[in-house]
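First up is the structure itself, then whatever we jot down about it.
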Amino acid sequence: MSLRTPQEEALSYLDAISSHCDYRKDSKDVVEAAASEYCEKQRKVKAGFDFPSFCYAMATGIGKTRLMGASIYYLYKTKGYKHFFILAPGNTIYDKLRKESNPNHPKYIFKGLEAEMGRPKVYDGENYNTYPIKYDQMTLIVEKTSDIQLFIFNIGKIFNSKTDTQFNFHKFKETLGASFADVLAQFDDLVICMDEAHRYYAPASMKAINYLKPILGLEFTATPKTTSNVIYAYDLARGAVEGYLKIPVVMGRSNMAGYNQNDIEEMKIRDGLTLHEHRKAVLREYCSENDLDYVKPIVLVACKDTDHAKKIRALIDSDDFQCGKYKGKVIEIHSKQTGEESEENIRLLLSIESASNPVEIVLHVYKLKEGWDVNNLFTIIPLNAAKSDILAMQTIGRGLRLPFGEQTGNEDLDSLDIVAHDHYRELVDEIKSSDIFRYRDLDKATVEPSESVGVSATVDDGQLSLLDFAITASGVKSFAEVNNPKTQLEIYQEYVKNFMATQKKDKNEDPGQMTLFDLHPEMLSGDSTETTTPAQEQPQIQTPTGGKSGKQPLTKDEFVKVVSEYSAKAISVPKILVQTTSEVKFNRFDVKRTIADFEVAMAKIERFDAINQQLLSVVDAQILEVNDAMNTLACMLLDSISELSYDDADFVIDVVEQYLSQIPGDEENKRRIVRRYASLIVADIRKQIYEHMDRKTQDIHIIQKDLILFRKFVKNVKEDGKVKYDKPFSDKNNIKKYLFTGYKKSYYPANAFDSDTERLFSIILEEDPDVIRWIKPPLNQLGLFWKAGQQYNPDFLIETTAGKFMVEVKALSEVTSEEVVSKAREGIKWCRFASTADPDHKPWEYKLISDDNIHLGNTCKYTLGTAHAVKEEA
C-alpha cells in the first residue's frame, strides 16, 4: 500500500497485539492485557466501550483513512474478518468515505490491494435496505455478495442525541426480517472503525455503538477524548520534523497599544493578506521553476457569528479594500445560508484547490469541522478565538497538509501561518520552548510588498508552443536558417497544418488562452514583460477577424515577421543528453587455484533411537555430483559477472578449463567437488577476472532536440523592484528581489541575477560589439544534469562572432568547491558534444569565472580569458 512510516509503525502495533489474542473468543480483559503489553510504550490499555477498542492518535494530515484501509486489510488477511462498520461523525466525512470506497477514486482506501482482496461490497445509510439477507426459521441467513463487506454510516444515521429518536436503522424491516442494527449485531467478526473517534464518547453515542456488539473497535483521531486506549501516537511535532506536515507559525504584532478591537481585527486581516500575496508570488515562482501546475494559496478567516461574517465580507469584498483586489474572491460558510447561495458556496468550497476557482478567502462562523482538508490552505486568521482555541488542533489542523506531498525546504511553502495579534505575546511565551511551533514578530521582520512577474522572449509561452512545433516539424536546426525564404515557407506550412489540427480539437477550450494566431500583428512588438495573473484573470483577446467565425491563422507575412524577430534574439542551442558508458575487455591470463584443498569425505547417514538413546546404525550416503563440471561453472560465471555475455564463451571456457585442470582426481571426483564447492570456485575465478579486466569509460551524447526554445520564467520581485540594468545599483545584498530591464542583445528583455557580479557581466555583454546575443537560461530548461535527478543551470549562454560559450560566475572562494567543479565538468562535456553538433559550426567552450575578474570596461573576450581551469576526471 506504500504506507508512510507512521502508518507502518501504527499497523505494526496492531499486528503485535493481534498476534497474541483472539478477538472472537477472548474476553475484553484478556485482549486489553495483550494490548497493554504490546502497544507503544506499554501503556495500560482500557477502553470505555463494552468491547476492546484501540485508538490511533494520529496528527491531522498523516493519513488516517489510509491507515484504516491498511488495518481492515490486515484483519481480513490474518484473521479472516469480513464485516467492517465504518462510522463517520458528520455528512462531510461520511460523503468523503463513501467516495473513497470506490476503486476509481484517486484516494481509494485500498489502493494497491485490488488484486489481493477484490472489490468490497459497500452498504451505507442510503442503500442498506437492499442488504441481501432473509429471516428463515428464527435464523438470519446472509447471501454471500463478496469477501469483504463495508458498512459506512454517519453517527446521525444511527442515533440522534438531541431528540433521542430511534432511526430506521433500529426499526424492524420486512425486507430484512429484522432491524439493520440487529443484522450487524449477529456477525461474529464485526469490526467497527471510528473516524474522528473523539466525537462518539457521549453516553448516548456509546450506547448506540455498543448495541452493535462488535468484537473490536479501531479509533482514529488527532485529538483523543481519553488516552486510556491509545496503542500508537504520532503527534504534530513528529509530523512537522519528519516532513509530513506544514509547520504551524504563529504570526503577530507586538506593538498593539492604543488600538481598539475593530482596528486590531482589520490589522489582522490586512497583515494576513499581505503574507498571502507574498506566498502567491513565491508559489508562482516555485511552480514555474519546477514545471508544476500552479498551486493557489487560500486564507481561512474564522468569524464570531453570521453578522460578523457579513461585516468582514463587506470589508474585503469591496472596491475600496486593496483597490477591489479580492472582489468576487470571498465566500461565507455558515449554517444560516440556504438555497442556491448555500449550494454554490459549498460547491466553491469543495473545489477550492482548483486554480480555476476564483475563491481565495473563506469566511466561516464556526471552526471548519473535520473532513474539510485541503492542501493549499496557508493562512488562518482567527477573529473569533480565545487564546486557548488558537493552538487547538481543530483550528490549525485544517491547513497542515502539504501542497506538493512533501516539504520543499522553502519555509514559505512548508509553513502554515496563524495570525494571532491580540494574543501574540501570551502565545509566544507558551511556545518559545516548543519544537512544534515557530513564531514571527512582525515588528522585527515585515513581509515586503512584492509582485510575481512573468518574463517572456519576443513571443509568450502560448505562442512559443506553436512556433516550437512548426520549427521542429520543418526540420530547422539553426535559427540562422530562418532568414532563408524557402525555410520560412516550410515553417509557415507546418504552422498552418498545426493550426487546422488545433481547430478540430475540443471546441470548449479556454477562450482566455492566448496562442500565436490570436494576436494582431501590431500586438507582436509590444512589451513582453507582464505581470503573471491566474488563469481566470487573463484578458480576453479578440481574434483578427473580430467576428464570430472563429480564429484565423496569421498571414505568411505576419508569421515571418514574428519568426524573424524571435530568431534574431535566439541562440541555436541543442538539447543534449550526456551519458557515460563503459567498454570492457577480457584479457586471457593464467588462472590460479587459491583454494588450498577440497575435502570430499564420504557422507554418512546416522540412525538414532530416541527412546533408548543409542546409535543404531551408520550407513554411507550417496555423494552428490553435477552432471557436467565445466558447464556448471561456466553458467555460474556468466550469471555472476554482469559484464560477461555469451559472446565471451571462449574466454569463459578457457578460465574454467584452466581451473579444473588444477583440481586433482578423475572427472567423477571433479563433478563431486564442483557440486560441493561451486560457489567458492566461482568466487575465486571471478576475483581474478576482475583483476585482469580492462575497463574503458567514455561519454556519449544524444541530441534530444535540435533547438531549445526557452520559455517564460517567473520572478518574485519587491515593489518598485524593476530597475534599468545599466543604472547605478546599491541594494546588492537584496539583488535577488529585483528584475533588471532594458536589454537589447538578451533573449529576455529583463533578467534576474543571484549576485551583482552577474549583473555587471551582463553589462559587459551588452556593451561588447563582439557579442551577438546572450541568454540567461531559466531553471530546468537546458536539460543538463550534474548528478542523478538534478539539473545544472549555468548562468549565461553567449554567442560571439567567433564562438559560443557556457559561462558560470562564482565567488573566488567557491570555484574549487566540489559542487562547482562537478557542475563545471558536466558543462565541459556538454560543450564538447555541442561543438560537434552545432549547426552554425561554431565551437562551444565552458568558462568558470570568479567575481574578482569581472570589471566594467573590460571586453567579453578578456573576461572569458581569465577563466579558471577545471581538471577533468581521469
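Since we're looking at a predicted model, the values are computed, not measured.
Remark: aromatic rings of F796 and F761 are close, center separation under 6.0 Å. Between F753 and F729, a ring centre-to-centre spacing not shorter than 6.0 Å is recorded. Proximity of the aromatic rings of Y846 and F805 is defined here by a centroid distance below 6.0 angstrom, and this criterion is not met.
Of all the heavy atoms in S415 and R279, the pair that sits closest is OG-NH2, 3.3 Å. Contact detail for G272 and V419: the closest heavy-atom pair is CA-CG2, 3.9 Å. Summarising the geometry of R711 relative to P778, their closest heavy-atom pair is O-CG, 3.9 Å, with the distance given to 0.1 Å. Closest of all the heavy-atom pairs between L283 and L413 is CD2-CD2, 3.4 Å. Taking both residues in full, the closest heavy atoms of Q791 and G783 are given as OE1-N, 3.2 Å, listed atom of the first, atom of the second, then distance. When every heavy atom of V809 is checked against every heavy atom of D795, the shortest pair comes out as N-OD2, 2.8 Å.
The side-chain heavy atoms of L275 and F378, taken from C-beta on, include no pair separated by under 4.5 Å. No side-chain heavy atom of K744 sits under 4.5 Å from any side-chain heavy atom of Y725. Put simply, the side chain of M806 reaches to within 4.5 Å of the side chain of L782, judged on heavy atoms. The closest side-chain heavy-atom distance from Q407 to L402 is below 4.5 Å. Between V573 and L797, the closest side-chain pair of non-hydrogen atoms falls below 4.5 Å. Annotation: side chain of L467 is in contact with side chain of L709 (closest heavy-atom distance under 4.5 Å). When side chains are defined from C-beta on, I247 does not count as touching L416, because their heavy atoms never get closer than 4.5 Å. At least one side-chain heavy atom of D412 sits less than 4.5 Å from a side-chain heavy atom of H278.
With values rounded to the nearest 0.5 angstrom, D768 atom CG is found 8.5 Å from T801 atom OG1. One finds the NZ atom of K810 at 14.5 Å from the CG atom of D852 (value rounded to the nearest 0.5 Å). Between atom CD1 of residue I772 and atom NZ of residue K569 there is a gap of 14.0 Å, rounded to the nearest 0.5 Å. In this structure, the separation between CD on Q322 and CG on L315 is 9.5 Å, given to the nearest 0.5 Å. Atom NZ of K722 and atom CZ of F740 lie 13.5 Å apart (nearest 0.5 Å). Atom-to-atom distance recorded for N290:CG and E285:CD is 10.0 Å, nearest 0.5 angstrom.
Distance alone, capped at 3.5 Å, is enough to place a donor-acceptor pair between the K715 side chain and the K736 backbone. Side-chain N or O atoms of D414 include one that pairs as donor or acceptor with a backbone N or O of T408 at under 3.5 Å. With hydrogens and angles disregarded, a donor-acceptor distance shorter than 3.5 Å links the side chain of R313 to the backbone of V330. S288 places no side-chain N or O within donor-acceptor distance of the main-chain N or O of R284, the cut-off being under 3.5 Å. A side-chain donor-acceptor contact under 3.5 Å links K246 to the backbone of L377. Looking at R773, its side chain does come within 3.5 Å of a backbone N or O of A568 through a donor-acceptor pair. A donor-acceptor contact shorter than 3.5 Å links the side chain of K329 to the backbone of K325. The closest donor-acceptor contact from the side chain of S572 to the backbone of F479 lies under 3.5 Å. In terms of modelled atom types and a separation under 3.5 Å, the side chain of N357 and the main chain of V359 share a donor-acceptor contact. The closest donor-acceptor contact from the side chain of K842 to the backbone of T800 lies under 3.5 Å.
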- Task: Begin from the C-alpha positions of N780 and N793 and carry the test side-chain contact (heavy atoms from CB on, under 4.5 Å) through to its verdict.
- Result: CA-CA 7 Å; N780 303 329; N793 301 283; 3.7 Å; yes

- With side chain to side chain donor-acceptor pair (under 3.5 Å) as the test, would you mind laying out the steps for D731 and Y738 before giving the verdict? CA-CA 9 Å; D731 193 12; Y738 289 84; 2.7 Å; yes

- Please lay out, stage by stage, how K804 and I798 fare under the test side-chain contact (heavy atoms from CB on, under 4.5 Å). CA-CA 6 Å; K804 297 180 182 179; I798 304 165; over 6 Å; no

- Item | Audit row: R401, T60, side chain to side chain donor-acceptor pair (under 3.5 Å) steps and yes/no | CA-CA 8 Å; R401 283 171 169 76; T60 298; 5.8 Å; no

- Message: Could you walk me through whether L273 and V299 satisfy the side-chain contact (heavy atoms from CB on, under 4.5 Å) test, starting with their C-alpha distance in whole Å, then the side-chain angles of each, then the deciding distance to 0.1 Å, before giving a yes or no?
- Response: CA-CA 8 Å; L273 293 179; V299 179; 4.0 Å; yes

- Message: If you apply the rule side-chain contact (heavy atoms from CB on, under 4.5 Å), what do you find for Y747 with I571, and how did you get there?
- Response: CA-CA 8 Å; Y747 178 84; I571 300 177; over 6 Å; no

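Ring planes of F404 and Y286: tilted class, angle from 30 to 60°.
Relative to the ring axis of W774, K745 does not place its NZ or CZ within 45° and under 6.0 Å from the centre.
Side-chain contact annotation: D417 with T379, donor-acceptor N/O pair under 3.5 Å absent. Judged purely by distance below 3.5 Å, without hydrogens or angles, the side chains of S746 and N751 pair a donor atom with an acceptor atom. Between the side chains of E808 and Y792, at least one donor N or O sits under 3.5 Å from an acceptor N or O.
Around the CG atom of D293, the shell of radius 6.0 Å holds no more than 12 heavy atoms that belong to other residues, nucleotides or ligands.
Ion pair D468/K705 flagged as a salt bridge, since at least one NZ, NE, NH1 or NH2 atom sits closer than 4.0 Å to an Asp/Glu carboxylate oxygen. The pair K724-D726 counts as a salt bridge, with a side-chain nitrogen and a carboxylate oxygen less than 4.0 angstrom apart. Salt bridge K268/E266: absent, no basic N to carboxylate O contact under 4.0 Å. Ionic pairing of E845 and K847 is present here: one or more N-O contacts between side-chain nitrogen and carboxylate oxygen are shorter than 4.0 angstrom. Salt-bridge annotation for K823 and E826: absent, with no side-chain N of the basic residue lying under 4.0 Å from a carboxylate O of the acidic one. Comment: K280 engages E277 in a salt bridge, judged by a side-chain N to carboxylate O separation of less than 4.0 angstrom. Salt bridge status for R759 with D756: present, with a side-chain N to carboxylate O gap under 4.0 Å.
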Show me the donor-acceptor pairs within less than 3.5 Å that the side chains of residues 861-870 make with the rest of the protein, sequence neighbours left out.
from : atom 1 : to   : atom 2 : distance (Å)
T863 : OG1    : T859 : O      : 2.8
T866 : OG1    : T863 : O      : 2.6
H868 : NE2    : S850 : OG     : 2.8

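Under the side-chain contact (heavy atoms from CB on, under 4.5 Å) criterion, S755 pairs with T757, E758, not counting sequence neighbours.
Of the candidates Y743, F710, F713, Y748 forms a ring-ring contact (aromatic ring centres under 6.0 Å, His included) with just one, namely F713.
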